[in-house]
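Heads up: the structure comes next, in structure tokens.
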4 protein chains.
Amino acid sequence: MNSPGGTPLKSTVDPRIERSRQVILRAALDELGEVGYGAFTIESVAARAGVGKSTIYRHWSDKLSLIANAFQTLHEEQVPDIVTGSPRERLERIVRHVADVVAGSIFSACIPALIDGAERDLGLRDFHHRFQAHARQPLIDVIAEGVATGDFPHYVDAELAALGLLGAIFFRRLMTSVPFEADQASRLIDTVLSPP
Amino acid sequence: MNSPGGTPLKSTVDPRIERSRQVILRAALDELGEVGYGAFTIESVAARAGVGKSTIYRHWSDKLSLIANAFQTLHEEQVPDIVTGSPRERLERIVRHVADVVAGSIFSACIPALIDGAERDLGLRDFHHRFQAHARQPLIDVIAEGVATGDFPHYVDAELAALGLLGAIFFRRLMTSVPFEADQASRLIDTVLSPP
Amino acid sequence: MNSPGGTPLKSTVDPRIERSRQVILRAALDELGEVGYGAFTIESVAARAGVGKSTIYRHWSDKLSLIANAFQTLHEEQVPDIVTGSPRERLERIVRHVADVVAGSIFSACIPALIDGAERDLGLRDFHHRFQAHARQPLIDVIAEGVATGDFPHYVDAELAALGLLGAIFFRRLMTSVPFEADQASRLIDTVLSPP
Amino acid sequence: MNSPGGTPLKSTVDPRIERSRQVILRAALDELGEVGYGAFTIESVAARAGVGKSTIYRHWSDKLSLIANAFQTLHEEQVPDIVTGSPRERLERIVRHVADVVAGSIFSACIPALIDGAERDLGLRDFHHRFQAHARQPLIDVIAEGVATGDFPHYVDAELAALGLLGAIFFRRLMTSVPFEADQASRLIDTVLSPP
DNA sequence: CGCTAACCGAGACGGTACGTCCCGTCTTTAC
DNA sequence: GTAAAGACGGGACGTACCGTCTCGGTTAGCG
């Protein structure tokens with residue numbers, strides 16, 4: 001049910017179904033951002049979406065899969081980056097973007113819920129990990145490219161370096177009271193990858 | 001007023017209180033580690049501790065403050081490090097220790113719960129952030145020392161570097177399916193702080 | 001608005017509701033009769049009725065309104081009397097019936113609970129008093145008729161006489177260890193209304 | 001424990017004990033009259049009496065026996081009647097007194113609680129019944145005397161007549177919204193025992 | 001078009017945990 | 001050595017949601 005990437009076999013579905021899904025997902029995201037995971041209730045989402053509770057359960061098996069699915073819809077708003085400039089420049093642009101997103105967005109508001117949910121629900125965990133791996137890849141690629149071109153030191157392990165950069169940003173979001181700000185991106189990159 | 005000599009009003013407390021607190025906190029930690037934050041139940045803790053539910057509510061106002069308090073008791077098991085060796089050696093020892101703790105321990109099992117709880121409860125958040133800052137400090141210190149002694153490059157920002165190292169470890173724990181292993185500590189340090 | 005012909009908005013109700021009400025009221029009466037008002041427990045009623053506690057609270061706001069409502073269902077079992085015979089004969093039949101009911105029946109088992117409940121809950125008190133007035137009326141009527149026909153002394157106040165007869169029966173039930181038995185009905189009537 | 005009529009074997013008791021008993025009984029009666037049986041709690045009585053909960057349990061085995069004992073202290077305030085006048089006059093004086101007491105007094109406020117409590121607790125029931133029998137006796141006696149002197153008809157059963165008179169008063173208190181008033185005493189007696 | 005099947009909202013249902021209150025017992029400390 | 005203070009295990013309260021399940025009512029799209 002409700003497989004993230006599955007295309008329907010039937011060429012056309014009842015338009016009411018799609019309409020319900022949209023309304024509910026939107027309401028779920030709003031709710032999650034507003035009250036957080038702990039106070040997130042299906043009944044609130046249903047009320048907010050102007051929909052019966054059963055309509056939600058008709059499309060998602062439980063609370064967590066609704067949340068997981070809602071996250072996917074956020075995925076589309078990514079892909080911010082272009083391919084111009086040196087690896088260093090492109091890396092900085094990516095890091096700034098990540099910092100911005102993590103600093104404040106619906107997505108950011110939902111991260112703790114996602115982390116906790118992933119701990120308890122296998123399906124959600126899988127989605128979470130795959131999603132992160134996917135989002136991490138461009139960063140790794142651009143670092144690897146920079147190592148190849150000599151923009152970054154040869155001893156740099158692209159994967160570990162990407163982990164250090166992302167980790168710093170997420171660590172600040174999740175473990176401290178002061179989130180990482182985009183302006184610090186340059187100094188972070190200098191520290192981790194040595195200055196140009 | 002009552003006592004002539006200005007003696008403290010309550011010099012000692014009922015020993016049962018302390019005993020109950022210990023038993024309950026222990027049970028709470030066990031429960032948290034086992035079933036996680038989402039399935040954490042006061043009633044289960046009470047049963048596990050062999051205690052009435054009301055005894056728990058007599059000492060903690062609600063679920064979250066119990067959890068917050070339980071975490072504080074984990075604070076004692078830190079202080080792992082010694083002061084011998086070069087900054088590089090001591091840094092690696094610290095990183096390995098953190099990696100070990102994050103890879104598997106009651107504390108590790110509770111991190112997602114802590115992160116999620118901190119998002120909704122102000123008191124828990126404060127505790128969480130103060131606790132992390134405290135635990136982070138030795139790492140920052142040893143990096144700063146290494147920069148001063150020339151063991152690490154002069155351009156390194158100790159705080160950002162510490163963030164990168166810790167962030168990498170926690171990121172792997174929270175956002176990927178493969179936790180960071182202590183064996184990778186050396187390579188991580190090389191990447192972030194350049195090799196010796 | 002929606003329906004063109006101005007049809008009632010909700011002609012029928014979910015049949016499950018009525019079914020639940022029946023089952024629960026029955027269980028509540030049984031429970032009341034068995035364990036009494038003091039030990040009457042919503043949770044026991046739920047268990048006895050094979051119903052979730054929330055189903056009870058969905059229909060009744062609290063314990064007392066459930067009890068009050070349960071009593072109303074006893075209202076139906078009255079109407080025992082016919083209209084044949086002299087006033088004296090009919091009076092005796094009524095008194096015997098009351099004595100029988102008060103001596104032993106679910107209703108009788110619940111009287112103390114009802115009296116006590118009525119003392120604290122306005123709604124229950126109203127019901128209790130209205131119910132009693134209703135049940136008292138036939139007795140008053142037949143006495144008044146007897147006074148008119150000369151079967152009873154002219155100085156008899158029908159209402160006070162009815163009170164005396166009923167009072168004697170209830171007093172025995174509530175304030176003594178020996179309930180009034182139907183066989184004594186004749187002598188009671190003779191005493192209060194003088195012999196034929 | 002705490003048998004209603006038992007005299008202590010020891011000639012002298014610790015005066016604190018007696019003092020505690022008095023304070024607690026007084027507080028219990030006040031509490032009962034104010035909040036009723038349903039909201040009557042030991043903890044409230046303890047607070048009102050300025051006494052520890054355990055002090056109450058040291059003297060009474062449970063809530064009901066405290067209440068029962070409290071009632072006994074009301075017994076002393078009875079004995080209202082004198083022995084002058086004809087049986088009819090003395091009867092009326094007794095009935096008026098009962099009506100007054102039942103219409104409004106701490107005792108009256110506690111009757112429903114007592115009735116309900118007696119239904120569930122054997123000890124309380126015994127006390128209740130014995131207490132009532134005792135209080136009923138003077139009424140029976142004076143009626144019997146009146147029958148003997150010819151003041152009342154020869155066919156009158158003194159016990160049933162007393163039951164009718166008392167029953168009428170209590171019935172009005174417990175089962176109707178209009179309590180019996182002392183002014184109606186004369187007419188009630190006329191109806192039940194025929195006019196002089 | 002008109003029918004019928006699917007989908008819908010509404011919300012009742014059996015549950016479970018919440019956090020509160022009070023029970024009656026038991027322990028500790030102060031007077 | 002008694003009493004106050006109050007901690008304790010227990011259990012019912014009434015509330016909030018869970019995820020499941022009927023209900024009629026309303027579309028949609030096929031025939």
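The model shown is predicted, which means the values in this text are computed figures rather than measured ones.
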Taking [atom1] from [X] and [atom2] from [N], how many angstroms apart are they, rounded to a whole number?
X: H59(B); N: dA7(F); atom1: NE2; atom2: P; value: 7 Å
X: I56(B); N: dC8(F); atom1: CD1; atom2: C1'; value: 13 Å
X: E18(A); N: dC7(E); atom1: CD; atom2: P; value: 13 Å
X: D14(B); N: dT28(E); atom1: CG; atom2: P; value: 7 Å
X: R16(A); N: dT27(F); atom1: CZ; atom2: C1'; value: 5 Å

Geometric class of the F71(B)/F107(B) ring pair [parallel <30°, tilted 30-60°, perpendicular >60°]: perpendicular
Using the 3.5 Å cut-off, write out each protein N or O paired with an N or O of nucleotides 13-20 of chain F and the distance between them.
{"unit_1": "dC13(F)", "atom_1": "OP1", "unit_2": "I42(C)", "atom_2": "N", "d": "2.7"}
{"unit_1": "dC13(F)", "atom_1": "OP2", "unit_2": "I42(C)", "atom_2": "N", "d": "3.3"}
{"unit_1": "dC13(F)", "atom_1": "OP2", "unit_2": "E43(C)", "atom_2": "N", "d": "3.2"}
{"unit_1": "dG14(F)", "atom_1": "OP2", "unit_2": "Y57(C)", "atom_2": "OH", "d": "2.6"}
{"unit_1": "dG14(F)", "atom_1": "O5'", "unit_2": "Y57(C)", "atom_2": "OH", "d": "3.4"}
{"unit_1": "dG14(F)", "atom_1": "N7", "unit_2": "K53(C)", "atom_2": "NZ", "d": "3.1"}
{"unit_1": "dG14(F)", "atom_1": "O6", "unit_2": "K53(C)", "atom_2": "NZ", "d": "2.8"}
{"unit_1": "dC18(F)", "atom_1": "OP1", "unit_2": "I42(A)", "atom_2": "N", "d": "2.9"}
{"unit_1": "dC18(F)", "atom_1": "OP2", "unit_2": "I42(A)", "atom_2": "N", "d": "3.2"}
{"unit_1": "dC18(F)", "atom_1": "OP2", "unit_2": "E43(A)", "atom_2": "N", "d": "3.3"}
{"unit_1": "dG19(F)", "atom_1": "OP2", "unit_2": "Y57(A)", "atom_2": "OH", "d": "2.8"}
{"unit_1": "dG19(F)", "atom_1": "N7", "unit_2": "K53(A)", "atom_2": "NZ", "d": "3.3"}
{"unit_1": "dG19(F)", "atom_1": "O6", "unit_2": "K53(A)", "atom_2": "NZ", "d": "2.6"}

Position toward the 5' end of DNA chain E (nearest nucleotide), R21(C) or R19(A): R19(A)
Cationic N near anionic O, under 4.0 Å, R130(D) to D126(D): no
Heavy-atom side-chain proximity of D116(A) to I115(B) below 4.5 angstrom: no
Set of residues satisfying salt bridge (charged side-chain N to carboxylate O under 4.0 Å, His left out) with respect to R48(C), sequence neighbours excluded: E31(C), E34(C)
N or O in side chain of T55(C) less than 4.0 angstrom from dA12(E) OP1/OP2: no
Identified side chain to side chain contact (heavy atoms under 4.5 Å, CB included) counterpart of L32(A) within the set L114(A), I67(A), V45(A): I67(A)
Candidates dT28(E), dC8(E), dG24(F) - which lies nearest the side chain of I17(A): dC8(E)
Donor-acceptor contact present, side-chain N69(B) to main-chain Q72(B), <3.5 Å: no
